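Remember, predicted model here, so these are calculated numbers, not experimental data. No hydrogens, no waters, no symmetry mates; every other heavy atom, side chains included, goes into these values.
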Amino acid sequence: MKGVLSSTEVFFSLEKPEKVAETGVPSSAYVHIPFCRRRCYYCDFPISVLGDRVNIHTSTSIEQYIEVLCQEIQITPILGQPLETIFFGGGTPSLLPVRQLERILETIDKHFGITPGAEISMEVDPGTFSREQLQGYQKAGVNRVSLGVQAFQDELLGVCGRSHSSKDIFTAVDLIRQVGISNLSLDLISGLPHQTLAQWQYSLEAAIAIAPNHISCYDLVVEPVTAFGRQYQPGEKPLPTDEVTAQMYRLAQQKLESAGYEHYEISNYAQPGYQCRHNRVYWENRSYYGFGMGAASYVQRQRFTRPRTRREYCAWVQQLTEAGGAIDCPKDTATDVLLETLMLGLRLAEGVNLSEMIQQFGQRTVKDIWTCLQAYSHQGWVEAIGADGKPVDMGEAENFSAVERLRLTDPEGFLFSNTVLAALFNLFTKK
Ligand code: SF4
């Protein structure tokens, strides 16, 4: 559902979920449900278009896919711990009949186990679910929903090829609240064609008025293979200019923080206590299982992305079954792990922890990172934080030992994160 890329700082008053030590053994799983009624014009996700007329309750496509998906789960080697987070993404997971969702969760529980209190999130789209469906999902274990709002203007929803209207958004929120799912997240997109700063402000205000626990704001990236990619040239009208999208980013940070949301990740805001536990696993570069077409997994330092079409995915699961379930792909090198830790960790408001990095990658490597980032601290994009939570002057070399964390500033450092990350990438790939 998140067919766009994300493009944030908060002091240590931030309520951070406790950091979990990385063991290489996943306690999280992403499950891809690829079905959508139609393809939105900005979307390059691995999906399977059902059309408007298919009855989800009798669809053999859905039935067969879930069969193969459960087979993949059952043949995946169990590495040891029950799951603490499960995320149903898509696609449009809310096109799943309840019995299919129950079947997937039962299969996961039987195979890996699910801890009591696990976060079980599901992406849902306005206009795709009924009260009975939601009640069924909730009964099956779903306790967090992420609603794909994107914009509150019918004209912008039309421009994106979304199949819902602004009225559907409010109906969806009412249904979610009526069934008692109390952990709600909304997704919004900035930088859409024809979108004005005033429209973006209205969408932010409308989202704040709903008072969800979590809000994700993604900045549109025009992917070449999409309808948008064929129609629009990045940087050209009717796409907003870079200056306007930067203003949109700053406006979101300002409005959402004033409304009590912590900007805990470059594109994500949460009320205290409502950060997405599942997504933190990605940003902390911890392990996770992935199941389903196009899903990525990171298990024992092996990253693997499944085939992106249904036919290829089904054939791959067949081969995997014959091979006994083990995926054969190279492990990440030490440089891969270092770069991933930086690229992902710097997306978080708290940034990266230097003592942990020294332990993992050595003093010299971390000193190189410090030296590389000094230039950006002069620009106000990067800052060093001491153990007391106060900023430390990066201009003084001897301050290195006093630093606990390095992080991007909010909003400017986050806005220019690509430049900072490119410098780090160059530093370690040109050695
Ligand atoms: S709902 Fe739209 S954006 Fe989301 S996965 Fe389907 S086609 Fe892509």
Please tell me if the side chains of [X] and [Y] come closer than 4.5 Å, counting only heavy atoms from C-beta onward.
X: Ile66; Y: Ile104; result: yes
X: Phe35; Y: Ile56; result: no
X: Leu147; Y: Asp125; result: no
X: Arg250; Y: Glu412; result: yes
X: Gln247; Y: Leu251; result: no
X: Tyr65; Y: Gln100; result: no
X: Gln195; Y: Pro238; result: no
X: Ile33; Y: Leu95; result: no

So how far is it from [X] [atom1] to [Y] [atom2], rounded to the nearest 0.5 Å?
X: Ser166; Y: Ile169; atom1: OG; atom2: CD1; result: 6.0 Å
X: Asp168; Y: Thr128; atom1: CG; atom2: OG1; result: 9.5 Å
X: Gln74; Y: Leu69; atom1: CD; atom2: CG; result: 10.0 Å
X: Asn279; Y: Arg347; atom1: CG; atom2: CZ; result: 9.5 Å
X: Leu346; Y: Leu408; atom1: CG; atom2: CG; result: 5.0 Å
X: Leu175; Y: Gln135; atom1: CG; atom2: CD; result: 9.5 Å

Worksheet item: Who are the ring-ring contact (aromatic ring centres under 6.0 Å, His included) partners of Tyr274, not counting sequence neighbours?
Response: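 Partners of Tyr274 by the ring-ring contact (aromatic ring centres under 6.0 Å, His included) criterion come out as none, since no residue qualifies.
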Item to complete: Return the set of residues passing ring-ring contact (aromatic ring centres under 6.0 Å, His included) with Tyr261 (not counting sequence neighbours), or none when no residue passes.
Response: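 Counting only residues at least two positions away or on another chain, Tyr261 forms no ring-ring contact (aromatic ring centres under 6.0 Å, His included).
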Going by atom types only, do [X] and [Y] share a side-chain donor-acceptor pair under 3.5 Å?
X: Asp219; Y: Thr245; answer: no
X: Thr171; Y: Asp174; answer: no
X: Glu84; Y: Ser28; answer: no
X: Gln153; Y: Ser203; answer: yes
X: Thr365; Y: Asp368; answer: no

If the threshold is 4.0 Å, N to carboxylate O, is there a salt bridge linking [X] and [Y]?
X: Glu350; Y: Arg280; value: yes
X: Glu312; Y: Arg306; value: no
X: Arg407; Y: Glu383; value: yes
X: Lys255; Y: Glu205; value: yes

Discussion item. What verdict does the side chain to side chain donor-acceptor pair (under 3.5 Å) test give for Ser163 and Arg37, after you've listed the backbone C-alpha separation in whole Å, the side-chain angles of each residue and the deciding distance to 0.1 Å?
Written reply: CA-CA 8 Å; Ser163 37; Arg37 285 289 180 200; over 6 Å; no
Discussion item. Students often mix this up, so state it plainly: with edges at 30° and 60°, are the rings of Tyr288 and Tyr298 parallel, tilted or perpendicular?
Written reply: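 Judged by the thresholds at 30° and 60°, the geometry between Tyr288 and Tyr298 is tilted.
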Discussion item. Ring-plane angle category for Phe228 and Tyr42, please: parallel below 30°, perpendicular beyond 60°, tilted otherwise.
Written reply: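 Tilted, since the angle between the ring planes falls between 30° and 60°.
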Discussion item. Under the ring-ring contact (aromatic ring centres under 6.0 Å, His included) definition, can you give me all pairs with a residue in residues 131-166, not counting sequence neighbours?
Written reply: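 Residue pairs passing ring-ring contact (aromatic ring centres under 6.0 Å, His included), neighbours aside: Phe152-Phe170.
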Looking only at heavy atoms, which two atoms of [X] and [Y] are closest? And how far apart?
X: Ser185; Y: His214; result: OG-ND1, 2.8 Å
X: Arg162; Y: Gly148; result: NH2-O, 3.1 Å
X: Gly290; Y: Glu72; result: O-OE2, 3.6 Å
X: Trp370; Y: Ala384; result: CZ3-CB, 4.1 Å
X: Glu284; Y: Leu348; result: CG-CD1, 4.2 Å
X: Ile86; Y: Val31; result: CG2-CG2, 4.2 Å

Practice prompt. Please lay out, stage by stage, how Asn183 and Asn143 fare under the test side chain to side chain contact (heavy atoms under 4.5 Å, CB included).
Written response: CA-CA 7 Å; Asn183 194 344; Asn143 49 26; 6.0 Å; no
Does [X] have any side chain to side chain donor-acceptor pair (under 3.5 Å) partners at least two apart in sequence or in another chain, and if so, which?
X: Asp332; result: Arg303
X: Trp283; result: Glu265
X: Thr76; result: none

Give a yes or no on whether the backbone of [Y] and the side-chain of [X] come within a donor-acceptor separation of less than 3.5 Å.
X: Arg310; Y: Cys314; value: no
X: Gln302; Y: Lys331; value: no
X: Glu340; Y: Asn285; value: no
X: Arg308; Y: Met293; value: no
X: Ser297; Y: Val299; value: no
X: Asp187; Y: Gln150; value: no

Discussion item. If you take the centroid of each ring, where Trp contributes its six-membered ring, are His32 and Tyr313 closer together than 6.0 Å?
Written reply: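 No, too far apart.
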Worksheet item: Does the pair Glu119 and Cys276 meet the rule for a side chain to side chain contact (heavy atoms under 4.5 Å, CB included), with working shown?
Response: CA-CA 9 Å; Glu119 178 190 271; Cys276 179; 3.7 Å; yes
Is atom [atom1] of [X] surrounded by more than 12 heavy atoms (other residues, nucleotides or ligands) closer than 6.0 Å?
X: Lys139; atom1: NZ; value: no
X: Phe304; atom1: CZ; value: yes
X: Asp328; atom1: CG; value: no
X: Arg131; atom1: CZ; value: no
X: Tyr282; atom1: OH; value: yes

Item to complete: Apply the test side chain to side chain contact (heavy atoms under 4.5 Å, CB included) to residues Leu220 and Leu239: give CA-CA distance (whole Å), side-chain angles for both, the deciding distance (0.1 Å), then the verdict.
Response: CA-CA 10 Å; Leu220 177 75; Leu239 292 170; 4.1 Å; yes
Discussion item. Gln231 vs Val222, test: side chain to side chain contact (heavy atoms under 4.5 Å, CB included). Steps then yes/no.
Written reply: CA-CA 10 Å; Gln231 216 177 336; Val222 177; over 6 Å; no
